[in-house]
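Here the structure comes first, spelled out in structure tokens, and everything after it is commentary.
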Amino acid sequence: MLVASFFSRLKAIGICVKLVVLCYNKIVGTKQIDIIKSISLKRSGDISMKFQIAICDDTEVELNNTKALVEETLKRAGVASTVHTFHDPQDLADNLALRMKDPKNQNPYQVIFLDVVMPNMTGIELGNLVRKYDQNVPVIYTSSFKDYAFDSYSVHAFDYLLKPLEKERLQEALMKAYHLAEKKLKADITIKTKDGLQAVNVLNVTFVESRDRCLHYHLSDGSVVVSIYNRGRFEDSFVPFEPFQQFVQVHKSFLVNMDFIKELQADSISMNDGSVIPISRNQKNNVRSRYLSYFTEGGLV
């Protein structure tokens, strides 16, 4: 329990680090911001995609302001996009529920902006609903208050932007989310099963288990894809996962996606789907180090 509590606090610390960086950027002025702008507005690939953004804010002026900044940023970057706006958080929740009614459907949005303080349903509560449908979609919070940053880590917030929104900070967060969406499009792998070839998106894999000389790919929708007999080493199957920093080997028979970890304990990991995965003795230090690094530096904190 102490270990679990410790790492839960580390996630919160990651939020603090981001807020400190935000304040630092304000102090140092425009020189560093210009550098960020020149880097973040470069597209990382030439994948053709219609970038879908959802923005939810109960204040008309704030909603329109966020929409204008998003559209300006993506137009400058040459990204084709559609921005969907919602005044009422329940409308967005209902929209997602309707679209996701068919299990074959995917979340239609590549990034979601949520105001934190809204009537009837807070942005944190709405974020938790979003996570029921999609564990990976970047959720970017906008708020006039720093106090809610700690609450946002429970939703694995992608970023936390303070109002009034700074154009440069929004550009940085939005283009980072865009590049992540591009990366996801490149993340499909093909698995040989007894029923034929099956395509799986790497980012939907919660963990991979090697059992009975077969690879069991556990997916975020609760399904499991089982490969045909595997003659090679378990480690040889890691190649498609190498570009994605959230994957870590925790045991000779398990590869885990850290985005789906609910709790890290001394000798095991509890996943969001209820699975409990053992951590081998020789992997303990590496797992703890990777988990700390991921959620304080590169993870979807």
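All values reported here derive from a predicted model rather than from experimental measurement.
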* Structure fact -> Taken in chain and number order and not counting sequence neighbours, the residues that satisfy side chain to side chain contact (heavy atoms under 4.5 Å, CB included) with K192 are L197, I228
* Structure fact -> Rounded to the nearest 0.5 Å, the CZ atom of R288 sits from the CD1 atom of I279 at a distance of 7.0 Å
* With sequence neighbours excluded, residues passing salt bridge (Lys or Arg N to Asp or Glu O under 4.0 Å) with E125 -> none
* Structure fact -> Sequence neighbours excluded, the answer for ring pair (Phe, Tyr, Trp, His ring centres under 6.0 Å) partners of F207 is H218
* To do: Taking only Lys NZ, Arg NE, NH1 and NH2, and the carboxylate oxygens of Asp or Glu, determine whether R169 and E172 approach each other closer than 4.0 Å.
  => yes
* Row check, F234 ring normal vs K252 NZ/CZ: under 6.0 Å, within 45° -> no
* Can you name the residues that form a side-chain hydrogen bond (donor to acceptor under 3.5 Å, both in side chains) with T82, not counting sequence neighbours? -> none
* To do: Using only heavy-atom distances, determine whether the side chains of D259 and Y294 contain a donor-acceptor pair under 3.5 Å.
  => yes
* Identify, with sequence neighbours excluded, every residue that meets salt bridge (Lys or Arg N to Asp or Glu O under 4.0 Å) alongside D236. => R233
* **Residue list, side chain to side chain contact (heavy atoms under 4.5 Å, CB included) with N230, at least two apart or on another chain** => L215
* Using a distance-only test with no angle check, is there a side-chain donor-acceptor pair under 3.5 angstrom linking S268 and Q265? -> yes
* Asked: Is the count of non-hydrogen atoms from other residues, nucleotides or ligands lying under 6.0 Å from N282 atom CG greater than 12?
  -> yes
* To do: Hey, could you give me each pair passing ring pair (Phe, Tyr, Trp, His ring centres under 6.0 Å) that has a residue in residues 244-284? Not counting sequence neighbours.
  => F241-F247, H251-F254
* **Any residue meeting salt bridge (Lys or Arg N to Asp or Glu O under 4.0 Å) with E209, in chain and number order, not counting sequence neighbours** => R211
* Ignoring hydrogens and angles, state whether a donor on the side chain of Q171 or E166 is under 3.5 Å from an acceptor on the partner side chain. => no
* To do: With sequence neighbours left out, write down each residue that passes side chain to side chain contact (heavy atoms under 4.5 Å, CB included) with D88, or none if nothing qualifies.
  => Q90, D91
* To do: For the pair N201 (side chain) and L203 (backbone), establish whether a donor and an acceptor sit closer than 3.5 Å, ignoring hydrogens and angles.
  => yes
* **Over all atoms of both residues, closest heavy-atom pair of A181 and Q110** => CB-CG, 3.9 Å
* Could you tell me which residues satisfy side chain to side chain contact (heavy atoms under 4.5 Å, CB included) with T193, sequence neighbours excluded, listed by chain and number? => I191, D195, Q198, V225
* For H84, what residues pass the ring pair (Phe, Tyr, Trp, His ring centres under 6.0 Å) criterion, not counting sequence neighbours? -> Y109
* To do: Verify ring pair (Phe, Tyr, Trp, His ring centres under 6.0 Å) between Y148 and Y141, making sure each step is shown before the conclusion.
  => CA-CA 9 Å; Y148 297 101; Y141 280 104; 9.5 Å; no
* Under the 3.5 angstrom rule, does the side chain of N257 hit a backbone N or O of V205 as a donor-acceptor pair? -> yes
* **Any residue meeting salt bridge (Lys or Arg N to Asp or Glu O under 4.0 Å) with D267, in chain and number order, not counting sequence neighbours** => K284
